[in-house]
Amino acid sequence: MKSLSESLQGVMRGKNVAASVELLMKRVLADPDVKAFLLQNRDQITKEMVRSSQSKLYEFYHEKQLREKGEATVAPGYSPQLVLNSGQIDVTYVPNQKLIEQERQRHIQRLVHSINMPKFIQQASLDNFYIDEQHQTATRLAALKAAIDFTDHYPADHFIPGLYLYGNFGVGKTYLLGAIANELAKKKGIATTMLHFPSFAVEMRNSIRSNSTSEKLDAVKRAPVLMLDDIGADAMSKWVRDDVLGIILEYRMQEELTTFFSSNFSMDELEKNHLAVDNQGDHEPLKAQRIMERVKFLSRELEMSGENLRSKG
């Protein structure tokens, strides 16, 4: 397919359209942006260059007119720009602000890597957290303040613990984690991995057959910021507790990597009623205590209370 400038050159070679071309080029050369370009580069541009570059000047003018009218252009999302190229006037296309913003938003979304997380976390925002009078509680406000303090001060030249958010089902724990992740991506360019831990545990068990356990575990434990959602929702096997969760937390504690948690259980309840008893009913309080030492090092406990927001239509 011929470019716009090639097609125009063909038209300009026709003798019957010489007058029309001359009239058209008067309009092109009278365009404020064309005039500004020629004036700015007057020391380098000759009359012969202008004559031989008529098709390029028209291409710029034509594409600019289409953009201003909101009509389809050769390169949607890009704006034409006149440049000097090897002693000739040429047209290049640069992304416009709308396209730049779209690319920025896509980049932000790519920074938040979610594994088995609900779709609503993609749009979660600290600005839209539940602080209206109807849903406001003291614990929600405290959690929001802690989230804002964290995002304002991260990253720093020292380790900053994450948050351990606990409370009943539907109080906004997962939403707040998503809002923190999106805020870190948008304002700091920080990559976050969010995963629903019970689903991840199933995925890890299944990965044994494909011999990809180490690869999956390594990717999670090294995440710059990690969020483990709904920890304690299902009874854990010894293997998941010690060789999955334990390894992740041990690595992150040693490397001082920020980690967040959400749970229906307080730290004390998670240790005594969940981690200390595996899915076979065996009691191992020392193993649970070892896990919780790492959880407490990596995060600070905050309760969230209030009515179940998911039950609202």
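By the 6.0 Å contact criterion, CD on E48 is enclosed, its count of non-hydrogen atoms from other residues, nucleotides or ligands being greater than 12. More than 12 non-hydrogen atoms from other residues, nucleotides or ligands lie less than 6.0 angstrom from CG of N206. The neighbour count for K145 NZ, taken as heavy atoms of other residues, nucleotides or ligands under 6.0 Å away, does not exceed 12.
Residues K173 and G167 come closest through the heavy atom pair NZ-O, 3.1 Å. Of all non-hydrogen atoms in W239 and R205, the two that sit nearest each other are CZ3-CG, 3.7 Å. Closest of all the heavy-atom pairs between I160 and H153 is CD1-O, 3.5 Å. The two residues P80 and R67 come nearest to each other via the heavy atoms CD-CD, 3.8 Å. Residues L126 and A147 approach most closely at CD2-CB, 4.0 Å, considering heavy atoms. Counting all heavy atoms, side chain and backbone alike, L165 lies closest to A143 at CD2-CB, 4.3 Å.
Y93 and V83 are assigned to two separate hydrophobic clusters, defined by single-linkage of ILVMFWY side chains at heavy-atom distances under 4.5 Å. L257 and F260 fall into different hydrophobic clusters, where Ile, Leu, Val, Met, Phe, Trp and Tyr residues are linked whenever their side-chain heavy atoms come under 4.5 Å apart, directly or through other members. Both I291 and M267 sit in one connected hydrophobic cluster of ILVMFWY residues. Membership requires side-chain heavy atoms under 4.5 Å apart, directly or through other members. The hydrophobic clustering, which links ILVMFWY residues whose side-chain heavy atoms are closer than 4.5 Å, places V94 and V34 apart. Neither Y61 nor L66 shares a network with the other; the hydrophobic side chains, linked directly or stepwise wherever heavy atoms of I, L, V, M, F, W or Y lie under 4.5 Å apart, form separate groups for each.
When atom types are taken as modelled, the side chain of T151 and the backbone of I148 share a donor-acceptor pair closer than 3.5 angstrom. Checked by atom type and distance alone, the side chain of T258 never pairs as donor or acceptor with a backbone atom of P161 at under 3.5 Å.
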Problem set entry | Worked verdict on N182 versus K186 for side chain to side chain contact (heavy atoms under 4.5 Å, CB included) | CA-CA 6 Å; N182 291 334; K186 180 172 65 175; 6.0 Å; no
Exercise. Checking side chain to side chain contact (heavy atoms under 4.5 Å, CB included) for the pair I45/L84: CA distance, chi angles, key distance, verdict?
Worked result: CA-CA 9 Å; I45 296 176; L84 289 177; 4.0 Å; yes
For this session: Take Q44 and M49 through the test side chain to side chain contact (heavy atoms under 4.5 Å, CB included) and record every step on the way to the result.
Result: CA-CA 9 Å; Q44 303 176 63; M49 285 174 60; 5.8 Å; no
For this session: Could you check L249 against V295 for side chain to side chain contact (heavy atoms under 4.5 Å, CB included), going step by step and ending with a plain yes or no?
Result: CA-CA 7 Å; L249 299 183; V295 173; 3.6 Å; yes
Exercise. What do the steps show when you test F60 against F37 for ring pair (Phe, Tyr, Trp, His ring centres under 6.0 Å), and what is the final call?
Worked result: CA-CA 11 Å; F60 169 81; F37 172 78; 8.1 Å; no
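Here the side chains of R222 and Y251 are in contact, with some heavy-atom distance below 4.5 Å. In this structure, I231 and M236 have side chains that are in contact, with non-hydrogen atoms separated by less than 4.5 Å. Contact annotation: the side chain of T174 never approaches that of H196 to less than 4.5 Å [non-hydrogen atoms, C-beta and beyond]. Between T139 and L302 there is no side-chain heavy-atom pair separated by less than 4.5 Å. Within the 4.5 Å cutoff, no side-chain heavy atoms of L163 are placed close to those of F150. D229 is not listed as a side-chain neighbour of M194, based on a closest heavy-atom distance of 4.5 Å or more. At least one side-chain heavy atom of L38 sits less than 4.5 Å from a side-chain heavy atom of L29. Side chains of T259 and F297 form no contact here, defined as non-hydrogen atoms less than 4.5 Å apart.
In summary, of the residues considered (M292, R241, K238), a side chain to side chain contact (heavy atoms under 4.5 Å, CB included) with K287 occurs for R241 alone.
Atom CG of L270 sits about 9.5 Å away from atom CD of E301, to the nearest 0.5 Å. Distance CG/L176 to CG/L144: 6.5 Å, rounded to 0.5 Å. Note: R140 CZ to T137 OG1 = 4.5 Å, rounded to the nearest 0.5 Å. For the atom pair CD of E203 and OG of S199, the computed distance is 8.5 Å after rounding to the nearest 0.5 Å. One finds the CG atom of N264 at 7.0 Å from the CG atom of N168 (value rounded to the nearest 0.5 Å). Here the CZ atom belonging to R252 is positioned 11.0 Å from the NZ atom belonging to K221, to the nearest 0.5 angstrom.
A tilted orientation is assigned to the rings of Y164 and F261, their planes being inclined by 30° to 60°. The aromatic rings of H62 and Y58 lie parallel to each other, their planes meeting at an angle below 30°, with 60° marking the opposite boundary. A tilted orientation is assigned to the rings of F197 and F200, their planes being inclined by 30° to 60°.
Here K64 pairs with D31, D33 under the salt bridge (Lys or Arg N to Asp or Glu O under 4.0 Å) rule; sequence neighbours left out.
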